[in-house]
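So the structure is just underneath, and the comments pick up after that.
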Number of protein chains: 2
Amino acid sequence: MTASAEDVAADAGVSPSTVSRCFASPGQVRPETRERVLAAAARLGYTPSRVARSLAVGRTRTLGLIVPDIANPGFAVVAKAMQARARRKDYAVFLADTDEHPDDEYELALTLARQVDGLLLVAPRMDTERLGEVVRRVPGVVVNRRVPGVSSVAAPTDDGLRQAVAHLHALGHRHLALVLGARHSWSSERRGHAVREICEQLELKLTEFGPHEPKFHTGAQMADLVLASGAGAVVAHNDLMALGVLSRLSERGVRVPDDISLVGVDDILLAATSTPALTSVRLPLDALGERAVDLLLRRLDDGAEECQELTLDSELIVRRSTGPAPRPSTGPVS
Amino acid sequence: MTASAEDVAADAGVSPSTVSRCFASPGQVRPETRERVLAAAARLGYTPSRVARSLAVGRTRTLGLIVPDIANPGFAVVAKAMQARARRKDYAVFLADTDEHPDDEYELALTLARQVDGLLLVAPRMDTERLGEVVRRVPGVVVNRRVPGVSSVAAPTDDGLRQAVAHLHALGHRHLALVLGARHSWSSERRGHAVREICEQLELKLTEFGPHEPKFHTGAQMADLVLASGAGAVVAHNDLMALGVLSRLSERGVRVPDDISLVGVDDILLAATSTPALTSVRLPLDALGERAVDLLLRRLDDGAEECQELTLDSELIVRRSTGPAPRPSTGPVS
DNA sequence: TTGAAAGCGGTACCAA
DNA sequence: TTGGTACCGCTTTCAA
């Protein structure tokens with residue numbers, strides 16, 4: 001069917017070894033010979049088989065990517081950046097979407113581990129132990145999460161959330177609602193912790209909702225609870241949830257930001273452009289993806305051993321969805 | 001490093017062939033032997049190497065997926081569905097995002113062709129000739145596009161667009177704007193054709209804009225041109241562009257649907273939930289992905305030969321973004 | 001600089 | 001039912 005190195009060798013009057021060298025290390029073959037081989041290869045439409053090469057060299061030049069939900073615009077952007085970066089370095093990327101099922105995450109990771117050189121893990125919910133198990137089998141870097149002993153690149157939103165809460169405080173809000181992401185999700189817990197801490201410092205009342213899958217519909221669902229709580233501002237786990245909240249609030253005739261303020265995290269495109277535009281904590285999503293790939297490939301290609309932890313900054317982007325608190329209410333009138 | 005079939009064989013006191021059989025066709029090995037082998041395998045943590053198997057059997061159990069832009073929610077949903085379906089059938093999926101560059105599409109497809117069993121092509125812009133070249137090398141199915149001799153699954157939006165234009169007509173609109181997608185994109189041309197035809201039938205004036213990359217910012221860019229044209233309603237190539245239009249219109253203080261009506265295509269989640277909610281032509285995006293995989297695997301696994309063309313329906317979902325034409329204007333007063 | 005040959009880790013046909 | 005063996009297509013010493 002497809003031409004093999006042997007065919008090319010025969011056609012060019014050389015040995016298969018030489019054909020192999022022409023593609024793997026062209027410098028080691030006399031220019032004239034090389035040209036003859038390359039010509040024959042072109043004539044026969046030959047390209048070295050990646051599987052065969054993989055088997056021979058023991059490396060696949062393939063990366064595995066595990067994401068909770070590729071339909072979440074935030075993850076999509078990260079995935080896109082990773083995939084582009086990987087291809088530039090001649091790596092292919094296996095995509096595995098776990099649809100927010102942490103159990104699948106583990107199984108999938110183990111399966112993938114067998115057929116890739118390295119793993120890109122956007123797996124906020126896999127438990128640390130299993131995650132450790134996975135990266136013991138295959139080099140891996142974890143995204144937006146920190147695991148001892150494992151390379152990672154994260155944009156902890158502490159800074160951005162601090163700015164967000166300070167922003168709301170400055171606007172006169174004294175009672176915030178926090179809409180959490182998924183249970184046992186590293187990022188959700190981290191964000192929750194950050195918000196709690198800051199609220200305490202600023203002596204703000206904080207009511208928490210969730211945890212829930214970080215999706216649009218769960219956000220919408222939370223909106224009614226938030227409203228019932230009387231909080232004047234909402235900080236949501238991410239933009240998707242924030243948009244869900246927004247959607248439901250507007251259904252109920254609640255005006256944002258006049259009646260209630262709203263902050264998201266991720267700064268996805270559609271947050272910037274919703275009505276009203278969403279105040280959001282911006283993460284450098286594509287940088288996140290690129291750095292993760294770089295980190296992984298440094299291990300794979302340059303044989304670097306050390307486990308690195310990269311940190312990227314976050315910042316608050318203020319837009320229309322946050323405004324002054326309705327009443328200066330420094331306390332209940334009672 | 002990792003245990004091989006030979007190791008297991010030694011441990012279990014059988015030949016490598018038997019080990020292989022235990023995993024490939026367990027039925028052909030005596031239960032007692034099998035259990036002994038499986039126990040040994042478990043003890044050694046053995047799993048058959050997929051690369052080695054691929055080389056031996058000549059199939060990789062891998063599908064290649066080419067999308068123009070995974071960050072476009074529409075494509076993300078399709079990709080998600082495909083990937084889930086493929087995994088269920090024990091296929092892995094290579095993701096290749098071409099970032100809307102049709103040239104890369106071709107190169108990528110050829111590269112992928114060498115290392116996968118089949119190709120899922122969401123490539124609206126690759127020219128027919130090259131596409132034919134690709135599918136001659138490896139089984140492929142094309143999504144949302146029709147190419148003679150190539151299996152495909154598409155949801156032509158003719159029906160939905162017909163409904164959309166009739167809807168606008170009924171609302172009193174007599175001058176429509178059409179915002180096209182990418183140049184040479186099959187779906188953009190098809191949609192343009194459909195809208196043109198219907199407008200002619202209903203004797204509506206139609207002004208066209210584009211073609212442009214089907215992204216948010218190009219939509220925003222078109223909004224001003226549309227406004228200048230005096231059209232009372234806009235049909236956009238897809239929701240992402242429609243949301244771009246919407247965003248820019250609202251920036252300019254133009255009210256939707258009071259001043260201008262707006263229709264998108266895809267019915268992505270965020271269309272349903274924008275403000276105002278977007279009237280959109282719904283495509284069964286996940287069905288699109290699933291059927292594509294089914295079609296491809298029927299060829300690969302069941303050896304089906306025929307080229308099939310599947311068609312899925314589209315329908316108009318009416319939401320807030322379309323309303324009565326501002327003035328009944330049955331014609332210019334002049 | 002080039003060739004011969006031994007794998008890489010399985011599969012599958014043929015015999016036993 | 002099991003084992004022996006010849007590949008699958010390329011890489012990589014080792015010699016020439």
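What you are looking at is a predicted structure, and each value in this text was computed from that prediction instead of being measured. Just so it is clear: chains get the letters A, B, ... in the order the sequence lines come, proteins before strands, and each one is counted from 1.
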Distances under 3.5 Å only, N/O to N/O: pair up the protein atoms with those of nucleotides 1-4 of chain D.
residue	atom	partner	partner atom	Å
D:dT2	OP1	B:Arg30	NH2	3.3
D:dT2	OP1	B:Thr33	OG1	2.3
D:dT2	OP2	B:Arg30	N	2.8
D:dG3	OP2	B:Ser15	N	2.9
D:dG3	OP2	B:Ser15	OG	3.3
D:dG3	OP2	B:Thr18	OG1	2.6
D:dG3	N7	B:Arg21	NH2	3.1
D:dG3	O6	B:Arg21	NH2	2.6
D:dG4	N7	B:Ser17	OG	3.2
D:dG4	O6	B:Ser17	OG	3.0

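Remark: C1' of D:dC8 and CG of B:Leu55 are 4 Å apart, rounded to the nearest angstrom. When the P atom of D:dC10 is taken as reference, atom CZ of A:Arg61 falls 17 Å away, rounded to whole Å. Between the CD atom of B:Glu6 and the C1' atom of D:dT5 there is a distance of 13 Å, rounded to whole Å.
Atom-to-atom distance recorded for B:Tyr91:OH and B:Leu296:CG is 8.0 Å, nearest 0.5 angstrom.
Mapping heavy-atom proximity under 4.0 Å, the span of DNA chain C touched by chain B runs 5' to 3' from C:dG9 to C:dC13.
A donor-acceptor pair under 3.5 Å links the side-chain atoms of A:Asp97 to the main chain of A:Ile70, judged by distance alone. Side chain of A:Arg190 to backbone of A:Asn144: no donor-acceptor contact under 3.5 angstrom is found. In terms of modelled atom types and a separation under 3.5 Å, the side chain of A:Arg34 and the main chain of A:Cys22 share no donor-acceptor contact. Between the side chain of B:Asp99 and the main chain of B:His101, no donor-acceptor pair closer than 3.5 Å is present.
Looking at heavy-atom distances under 4.0 Å, B:Phe23 makes no contact with the nucleic acid at all. In this structure, B:Ser25 reaches neither bases nor backbone, as no heavy-atom distance under 4.0 Å exists between it and the strands shown. Residue-level contact check: A:Ser4 touches the backbone only, with heavy atoms under 4.0 Å from sugar-phosphate atoms and none from bases. Within 4.0 Å (heavy atoms only), B:Ser49 reaches sugar-phosphate atoms of the nucleic acid but no base atom.
Looking at A:Arg61, A:Arg299, A:Arg59 one by one, the single match for side chain to side chain donor-acceptor pair (under 3.5 Å) with A:Asp117 turns out to be A:Arg59.
Annotation for B:Thr2 and A:Arg114: closest pair CG2-NH1, 3.3 Å, computed over non-hydrogen atoms.
Using bins of under 30°, 30° to 60° and over 60° for the plane-to-plane angle, the ring pair A:Tyr46/A:Phe23 lands in the perpendicular bin.
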